[in-house]
Enquirer: 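What follows is a structure written as structure tokens; I'll ask about it next.
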Amino acid sequence: MKQNTSKFHFTGNTANSLKKDYLACLHFLQGALPQAATSNDHYLALAFAVRARMLQNWLENTDDQLSRNNRAVCYLSAEYLPGSHLGNALVNLGIMDQARSAMKECGQDLDVLLGQEQEPGLGNGGLGRLAACFLDSMANLNIPCIGYGIRYEFGIFDQEIKDGWQVEKTDKWLSNGNPWEICHPGSSVEVKLGGYTRNYTDASGHYRVQWVPERIICGVPYNTLIPGYKTLAMSTMRLWKAEACESFDVQAFNTGDYLGAVHEKIVSETISKILYPNEGGHLGKKLRLAQQFFFVSCSLQDLIRIQLLRGRGLETFHTNFAVQLNDTHPSIAIAELMRLLVDENGMEWEKAWDITRQTFSYTNHTLLPEALEIWPVALFADLLPRHLEIIYEINARFLSEVRQRFPHDEERVRRLSLIEENGERSVRMAHLATVGSYAVNGVSRVHTALLKKNVLKDFHALWPEKIVNITNGIAQRRWLLLSNPRLSALITEVIGKGWIRNSEELRKLEPLVGDSEFKKKWREVKNKAKVEFAGYVRKHCGLIADSATLFDVQAKRIHEYKRQHLNVLHIIALYLRIKQNPAYDIAPRTFIFAGKAAPGYSMAKLIIKLINEVAFKINNDPDVNEKLKVAFIPDFNITVGQRIYPAADLSEQISTAGKEASGTGNMKFMLNGALTIGTMDGANIEIQSEVGVENFFCFGLKVTEVEKIKKQGYQPRDSINSCPELNLVLESLARGDFSPDDKNLFRPLLDDLLERDSFFVLADFDDYIACQEKISKLFLNQDEWTRRSILNTARSGFFSSDRSIREYAEKIWKVKPSTDL
Ligand code: 26Q
């Protein structure tokens with residue numbers, strides 16, 4: 001029977017009701033008197049009062065949602081970057097203003113309290129943020145959904161800049177308490193690791209396999225609610241923490257091995273201790289595989305529990321759950337579901353395989369060969385002996401199918417195999433994910449086309465319908481409504497609120513591009529965002545930036561393929577031009593960089609140092625610093641992103657064609673009215689076609705051209721010979737103009753460009769510079785620039801993650817979104 005116990009407490013959207021509940025939380029949960037409470041106490045009290053309002057909806061709806069007979073979506077992702085929760089909850093519940101006045105009445109500044117929150121940095125970048133945007137969109141589209149993942153104790157490191165170099169600090173996001181999560185120890189599950197397998201015949205004479213593990217760890221779930229905009233439906237993010245199992249402790253205690261038991265606890269807990277940064281060097285690490293298996297096993301056991309609790313059989317598992325694999329990181333789920341069905345629930349192999357293949361779908365996020373996950377067979381045997389057997393069995397059956405379809409083609413069989421036999425024998429996780437899923441998707445048009453053409457070519461020949469494209473998207477609630485309140489208010493003033501739930505309505509802005517009054521307001525809003533961001537730059541970089549200059553921004557992880565160094569070469573070129581000709585006329589620019597380098601990626605760290613050295617030289621040279629300034633914003637994360645995107649005039653999306661799967665930062669800039677300079681890579685291609693070629697600054701080699709010159713044998717020196725200015729720029733670097741104390745500091749970078757230039761930086765330099773010149777000219781015409789800025793926002797509707805999720809729902813999951821609630 002339903003009981004409406006909480007109806008009269010912790011509800012109500014008035015400032016008064018919020019204030020009452022916040023004071024109650026301060027008293028009863030924080031145990032603090034208002035006058036003695038810290039800002040953190042105030043923040044936590046407000047957070048609890050807000051969370052209670054979300055719980056009300058969650059409790060009333062989630063159970064119903066999951067009980068319905070349509071499919072629920074289970075998003076399996078090793079990473080989530082949800083960003084700060086309080087601001088998001090306040091805008092989504094529609095109580096930002098009420099909270100502000102409630103706090104004011106209590107003598108608190110809401111912005112200070114918002115600033116208290118430590119964002120959960122449980123991801124590296126795009127892939128983790130995409131997962132968070134998808135949970136947001138599923139809440140908004142009323143698609144029942146659980147996002148499963150790992151509750152890392154230490155998320156992505158905090159970045160500091162010392163003497164121009166990146167320094168990593170451990171992220172302690174849990175140290176002040178996390179009011180958004182609710183721990184459910186009662187739903188803990190056990191996860192086996194290591195050991196060996198043995199065969200036996202069961203009572204009814206069936207051949208069975210038993211996994212005898214070396215150790216068992218406990219997974220404890222923590223729920224965080226992800227609200228939609230003024231909806232009752234919500235997504236659940238369910239993250240697992242690894243702990244020692246009580247049974248193990250007890251055993252050790254009984255034998256008197258107290259220290260041994262404590263040690264066991266420490267070892268078990270390391271599994272969810274830390275997020276791995278994405279760098280080639282970390283591939284193949286045992287703890288990483290243990291993490292992946294840990295959260296996957298917990299999540300599938302949780303789904304089976306839910307299924308049985310609802311009184312449903314396992315034969316219909318796939319009709320009740322669609323499980324989406326966010327890259328190959330959770331792809332061991334395919335073998336684990338087989339094991340759970342066959343070994344633990346006595347199902348026939350064929351039946352179990354049928355269910356498994358109708359349950360999973362897989363999203364690929366990378367074409368970079370070094371990022372494709374493979375695990376040495378030996379490591380697998382050590383950690384997951386039963387899964388290795390299952391993978392061998394899947395492979396044997398799969399390859400026999402291949403041999404039937406393509407007789408006498410052992411070369412093809414070798415290419416398709418789940419096991420790489422060249423060099424160290426390894427399991428190819430992308431192959432496992434593809435064979436075990438009913439659909440595979442890429443994340444932008446060009447990326448999907450390249451998947452079909454290269455990485456998954458043989459699979460595409462085998463199953464031509466299986467690979468589909470779903471271009472990524474972003475949640476406009478966070479990336480405009482929350483992060484850019486002034487622009488949101490202006491937009492809402494002229495076209496109403498419809499765009500918040502239906503991004504296509506942004507198109508209603510288009511007719512206004514000729515309205516000079518509106519353009520003026522648009523410019524004012526952009527300028528205010530720039531002034532505000534300039535304040536942030538001053539505080540965090542000690543640099544005074546002029547909001548009248550062109551804010552040229554590149555914010556993303558530092559990687560050679562993303563070519564932050566191409567951007568730097570452009571800055572050096574301008575520097576040399578002005579030095580050579582002090583009258584050189586150019587629209588003044590502030591170059592803004594932000595992004596983290598993987599701790600073991602020395603070239604990326606050298607690029608950060610280069611940016612900072614160029615910044616130091618230029619910012620302190622009165623010959624140029626009226627026209628050019630350079631800032632590196634430390635510690636790029638969701639919170640910093642929310643400040644950067646609204647302030648950008650120009651968005652730098654300059655990856656080597658064929659390397660960036662999609663990019664999603666590109667969409668955030670566009671939504672906030674920045675113009676893009678970009679290559680024909682990832683979702684830039686869709687951005688160009690949405691905004692119109694005439695409104696997009698396209699440059700550089702296309703994918704086919706890159707392929708062609710690679711085949712011909714690319715010579716970086718040819719690019720230098722045909723571009724005298726490039727030669728000057730490289731000479732300046734080689735001379736040590738930007739590293740007076742150590743002329744050879746940037747040698748590794750220069751040598752790489754001169755000898756290999758694997759990312760075609762030099763090949764694209766000339767075109768990039770020419771394109772930038774057009775941009776500088778256009779910026780002098782503020783009226784035209786503003787027109788195009790408005791068009792960018794107006795035509796960004798396609799890039800809402802609501803659209804992406806609708807496509808997943810229709811093409812892959814076969815679930816119906818609704819906006820009823
Ligand atoms: C793998 C093995 C060991 C340790 C770490 C990893 C690892 C972790 C994270 C490998 C890759 C990642 C993250 C990849 C990622 O963020 N990819 C980006 O995904 C976005 C969303 O689809 C795209 O927009 C970007 O283009 C893509 O780079």
Side-chain angles (χ1 to χ4, degrees), residues 549-554 561-581 583-593 614 618 624 627-628 630 648-660 666 669 674-682 684-685 687-688 691-706 708-709 714-733 753 757 759-781 784-785 788-789 792:
T549 63
L550 191 168
F551 278 18
D552 174 335
V553 190
Q554 188 169 18
Y561 85 77
K562 297 180 189 275
R563 303 199 295 190
Q564 280 89 358
H565 46 334
L566 175 58
N567 191 339
V568 175
L569 296 186
H570 170 233
I571 300 174
I572 297 176
L574 293 180
Y575 166 80
L576 294 175
R577 282 187 198 179
I578 299 171
K579 282 302 246 191
Q580 230 238 320
N581 170 17
Y584 182 70
D585 192 24
I586 182 184
R589 281 201 203 205
T590 305
F591 293 90
I592 295 158
F593 291 85
V614 170
I618 288 182
V624 294
K627 291 174 180 158
L628 306 179
V630 183
D649 292 308
L650 183 65
S651 158
E652 297 271 353
Q653 307 301 335
I654 60 177
S655 53
T656 314
K659 297 290 179 188
E660 188 70 271
N666 45 4
F669 282 107
L675 277 58
T676 305
I677 178 165
T679 47
M680 285 298 96
D681 197 21
N684 294 353
I685 296 180
I687 289 183
Q688 188 192 45
V691 77
V693 277
E694 68 287 3
N695 299 311
F696 183 99
F697 293 96
C698 171
F699 77 97
L701 296 166
K702 313 280 184 283
V703 173
T704 45
E705 293 165 342
V706 168
K708 199 167 137 209
I709 51 175
Y714 170 55
Q715 297 293 336
R717 285 181 202 268
D718 294 346
S719 310
I720 302 173
N721 295 337
S722 64
C723 178
E725 187 168 27
L726 174 57
N727 195 32
L728 292 178
V729 168
L730 295 176
E731 272 177 4
S732 161
L733 259 178
L753 289 178
D757 192 17
F759 299 100
F760 301 90
V761 172
L762 305 189
D764 275 346
F765 176 84
D766 210 7
D767 202 17
Y768 181 58
I769 299 287
C771 195
Q772 290 283 18
E773 264 181 66
K774 283 194 264 168
I775 289 167
S776 289
K777 285 217 177 74
L778 183 73
F779 194 71
L780 296 174
N781 180 352
E784 177 58 15
W785 186 280
R788 296 197 198 181
S789 167
N792 266 276

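The first residue in the sequence is number 1, and the count goes up from there.
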Enquirer: Kindly say whether Tyr584 contributes a backbone atom to a donor-acceptor pair with the side chain of Lys627 at under 3.5 angstrom?
Expert: yes

Enquirer: Within the structure provided, determine whether Val568 and Val630 are in side-chain contact (heavy-atom separation under 4.5 Å).
Expert: no

Enquirer: After noting the C-alpha distance and the side-chain angles of Arg577 and Ile769, does the key distance pass the side chain to side chain contact (heavy atoms under 4.5 Å, CB included) rule?
Expert: CA-CA 12 Å; Arg577 282 187 198 179; Ile769 299 287; 3.2 Å; yes

Enquirer: Between Cys771 and Phe697, what is the shortest heavy-atom contact and its length?
Expert: SG-CB, 3.6 Å

Enquirer: Tell me, yes or no, whether the heavy-atom count around Lys708 atom NZ, taken from other residues, nucleotides or ligands under 6.0 Å, exceeds 12.
Expert: no

Enquirer: Could you measure the distance from the CG atom of Leu628 to the CD1 atom of Ile618? Nearest 0.5 Å is fine.
Expert: 5.5 Å

Enquirer: Could you pull out the closest heavy-atom pair between Leu762 and Ser719, with the gap in Å?
Expert: O-CB, 3.6 Å

Enquirer: Evaluate whether atom CD of Gln580 has more than 12 neighbouring non-hydrogen atoms of other residues, nucleotides or ligands under 6.0 angstrom away.
Expert: no

Enquirer: Show, in sequence, the C-alpha distance, side-chain angles and deciding distance for Tyr575 and Val614, and conclude whether the side chain to side chain contact (heavy atoms under 4.5 Å, CB included) test is met.
Expert: CA-CA 10 Å; Tyr575 166 80; Val614 170; over 6 Å; no

Enquirer: Indicate the atoms forming the closest heavy-atom contact of Lys702 with Glu705, along with that distance.
Expert: N-OE1, 2.8 Å

Enquirer: Specify the closest pair of heavy atoms between Val703 and Ala657, including all atoms of both residues, with the distance to one decimal.
Expert: N-CB, 3.6 Å

Enquirer: Taking all non-hydrogen atoms of both residues into account, name the closest pair between Ala648 and Ala674 and its distance.
Expert: O-CB, 3.6 Å

Enquirer: Can you confirm whether Asp585 is buried at CG, in the sense that more than 12 heavy atoms of other residues, nucleotides or ligands lie under 6.0 Å from that atom?
Expert: no

Enquirer: Are Phe669 and Gln653 close enough, and set up right, to give a side chain to side chain contact (heavy atoms under 4.5 Å, CB included), and what steps lead you there?
Expert: CA-CA 10 Å; Phe669 282 107; Gln653 307 301 335; 3.6 Å; yes

Enquirer: First locate atom CG of Asp649, then atom CG of Leu550, and finally report the distance between them rounded to the nearest 0.5 Å.
Expert: 5.0 Å

Enquirer: Determine whether Ser722 and Asp766 make a side-chain contact, defined as any pair of heavy atoms from C-beta on separated by less than 4.5 Å.
Expert: no

Enquirer: What is the ring orientation for Trp785 with Phe779, classed by angle as parallel under 30°, tilted 30 to 60°, or perpendicular over 60°?
Expert: perpendicular

Enquirer: Side chains of Gln554 and Asn567: any donor to acceptor distance under 3.5 Å?
Expert: yes

Enquirer: Between Asp767 and Gly700 (side chain of the first, backbone of the second, donor and acceptor by atom type, cut-off under 3.5 Å), is there such a pair?
Expert: yes

Enquirer: Which value, rounded to the nearest 0.5 Å, describes the distance between Asn695 atom CG and Asn792 atom CG?
Expert: 7.0 Å

Enquirer: Between Phe591 and His570, how do the two ring planes meet: parallel, tilted or perpendicular, split at 30° and 60°?
Expert: perpendicular

Enquirer: Would you say Arg563's side chain and Phe760's backbone share a donor-acceptor pair under 3.5 angstrom?
Expert: yes

Enquirer: With heavy-atom distances below 4.5 Å as the criterion, would you say the side chains of Gln772 and Leu574 are in contact?
Expert: no

Enquirer: Is it true that a side-chain atom of Asn684 and a backbone atom of Thr679 form a donor plus acceptor pair closer than 3.5 Å?
Expert: yes

Enquirer: Which value, rounded to the nearest 0.5 Å, describes the distance between Asp552 atom CG and Ile571 atom CD1?
Expert: 7.0 Å

Enquirer: How about Leu778 and Lys774: do any of their side-chain heavy atoms sit closer than 4.5 Å?
Expert: no

Enquirer: To the closest 0.5 Å, what do you measure between CE (Met680) and CZ (Phe699)?
Expert: 9.5 Å

Enquirer: Walk me through whether Phe765 and Cys723 qualify under side chain to side chain contact (heavy atoms under 4.5 Å, CB included).
Expert: CA-CA 9 Å; Phe765 176 84; Cys723 178; 3.9 Å; yes

Enquirer: Roughly how far, to the nearest 0.5 Å, is the CG atom of Leu650 from the CD1 atom of Ile775?
Expert: 4.5 Å

Enquirer: So, for Leu701 and Asp764, which heavy atoms are closest and what is the spacing to 0.1 Å?
Expert: N-OD1, 2.8 Å

Enquirer: Checking the side chain of Tyr768 only, and the main-chain atoms of Ile654 only, is there a donor and an acceptor separated by less than 3.5 Å?
Expert: no

